[in-house]
Amino acid sequence: MLTFLPPALIARQRRVLALAVPIILANISEPLLGAVDTAVVGQLPSPIHIGAVAIGATLFSFLFWGFGFLRMGTTGITAQAAGAGNPRDLAAAFARPFLLALALSLPLMLLQGPIAWASFDLFEASAATEKLAADYFTIRIWSAPAALANYVVLGWLLGTGRTGMVLLLQFLLNGANIVLDLLFVLQFDWGVAGVAWATVIAQYLAFAAGLLVIARAADMRAHNWRSLGLLEKAKLRRLLRINIDIFVRTAALLIAFTWFTVKATELGDLTLAANAVLYNIFGLLAYGLDGFAWAAEALVGRHVGARDRRRYREAIFDTTLWAVLLAGTASLAILVIGPALIDLMTVDPAVREAARDYLLWTAAVPIVGVWSFMLDGIYIGATRTGEMRNGMLISLAVYLGAVWALMPIWGNDGLWAALMLFFLARALTLGYWLPRIERAIIDP
């Protein structure tokens, strides 16, 4: 197959797929866990158990998602150390953000009371549901050190191109969680607390396994904490700058997507429900695009670290080529099977009809958004996080302005059009600054 292509080109494409496919599979396993959690507590006699787990899981998704910069920042730094062939920096690329993750987890546990109080104030659930959700929260918060450290483990493994190990650890995490769910809830009758304990134990189990893998891969026995220079001011400043930039960028992204839902509520329950269905359809497909963006992080970082301009260009071309092909396939799939997916996700005839009315916008998202996804991966790999931050802030301003201007004219079509402009603004700003990365690379 494709034997007419140059062998070097075929080898490059195999390399991209070897990196991206395990990431895609690992990401797909994530929503499966949520479905199992819901199914397990759904066997209990009262619906309050499902509501409690849903509230608790949502809180931790937002709480821990805000620390995703630990994964992204670690990937770029690690990939560059691997490309430069520096074993000391490669080991420090894990140890330094690992200590940061532990330091950040302490306030989460110490301040769990105020965090819980502020979080539960956002929900209008029954007293019984909130009581169970609070029980879930007070147990699962103790997973914070492992959950944050697992971001660092994931980032380091991605940066070194060990995406197969990422897949195995993700299967271990989710598999252990599912087995413990069944044991604690259905056998031990621990209820919602059992779901929380299953997650806590699974997080620490996955972290222990990841730590063993990294200790061996980075040959940690050849280093000690002093020799790694973990407290070197320049390296610490770089780490903090990268992570703060990514945190600001991620917060702006969260604001944009949250604002999409907030503005949809102004259009009525029917439109809100239709948009939620369509957004979930795109969310499933986004896992595939993330796979190639994460592959770009690893490859770009490695070639930037090696100061190899030619391979840097090849990495961008190869990963973007596959991402665009997948985006085009996803768009066509939405158009063809989108109505059937809508019918699977809702039985309400009015919601089905409303969702079909806006299906074309959903089909456009992969094609319009793929460029910003891939550019994010390139910038993370190159650790050019300042430009990422600035581009996101500019794009957020464009998006908010577009929502303000277009919704009064076009309603929900205007809201979706504003989202398209948000993706385009991200692509244009990052694309404009992209030559800066290549100019900073010096061929050996």
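Please read these numbers as outputs of a predicted model, since none were measured by experiment. Only this structure's heavy atoms are used, side chains among them; waters, hydrogens and symmetry mates stay out.
- A search for salt bridge (Lys or Arg N to Asp or Glu O under 4.0 Å) contacts involving R384 returns E387, not counting sequence neighbours.
- With sequence neighbours left out, the side-chain hydrogen bond (donor to acceptor under 3.5 Å, both in side chains) criterion links W322 to Q13.
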Please tabulate, for side-chain N and O atoms in residues 335-343, each donor-acceptor pair with protein atoms closer than 3.5 Å (sequence neighbours left out).
residue, atom, partner, partner atom, Å
D343, OD1, R352, NE, 3.2
D343, OD1, R356, NH1, 3.4
D343, OD1, R356, NH2, 2.9
D343, OD2, R356, NH2, 2.9

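- The backbone N or O of L157 sits less than 3.5 Å from a side-chain atom of T160, completing a donor-acceptor pair.
- Within the 3.5 Å criterion, the main-chain N or O of I441 finds a donor-acceptor partner in the side chain of R309.
- Residues in residues 137-147 take part in no salt bridge (charged side-chain N to carboxylate O under 4.0 Å, His left out) pair, two or more places apart or across chains.
- At least one side-chain heavy atom of D89 sits under 4.5 Å from a side-chain heavy atom of K235.
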Using a 3.5 Å cut-off and no angle test, enumerate the donor-acceptor pairs between side-chain atoms of residues 359-371 and protein atoms at least two apart in sequence or in another chain.
residue, atom, partner, partner atom, Å
W361, NE1, D413, OD1, 2.8
W371, NE1, I367, O, 3.1

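- Qualifying salt bridge (Lys or Arg N to Asp or Glu O under 4.0 Å) partners for R302, counting only residues two or more places apart in sequence or in other chains: none.
- Sorted by first and then second residue, the salt bridge (charged side-chain N to carboxylate O under 4.0 Å, His left out) pairs involving residues 284-296 (not counting sequence neighbours) form an empty list.
- Counting heavy-atom neighbours within 6.0 Å of F257 CZ, excluding the residue itself, gives a total above 12.
- Of the candidates D245, L239, I244, D245 is the only one forming a side-chain contact (heavy atoms from CB on, under 4.5 Å) with R241.
- Looking at residues two or more places apart in sequence or on another chain, you find a side chain to side chain contact (heavy atoms under 4.5 Å, CB included) between I316 and V300, Y312, T320, I378.
- Under the rule for a side chain to side chain contact (heavy atoms under 4.5 Å, CB included), the partners of A144 that lie at least two apart in sequence or sit in another chain are F64, S105, L108, M109.
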Could you walk me through whether F67 and F247 pass the ring-ring contact (aromatic ring centres under 6.0 Å, His included) test, one step at a time? CA-CA 7 Å; F67 293 94; F247 175 77; 7.5 Å; no
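- At distances below 3.5 Å, not a single donor-acceptor pair connects side-chain atoms of Y358 with backbone N or O atoms of N412.
- In this structure, the side chain to side chain contact (heavy atoms under 4.5 Å, CB included) partners of Q203, at least two apart in sequence or on a different chain, are S143, A146, A147, N150, L173, T199.
- Partners of D318 by salt bridge (Lys or Arg N to Asp or Glu O under 4.0 Å), not counting sequence neighbours, listed by chain and number: R12.
- More than 12 heavy atoms of other residues, nucleotides or ligands shown are found within 6.0 angstrom of CE on M407.
- When all heavy atoms of G159 and A82 are compared, the pair lying nearest together is O-CB, 4.4 Å.
- Pairs passing the salt bridge (charged side-chain N to carboxylate O under 4.0 Å, His left out) check and including a residue from residues 58-71, sequence neighbours excluded, read R71-E297.
- Remark: the backbone N or O of G155 is paired with a side-chain donor or acceptor of T75 at under 3.5 angstrom.
- Not a single donor-acceptor pair under 3.5 Å links the side chain of W433 to the backbone N or O of T429.
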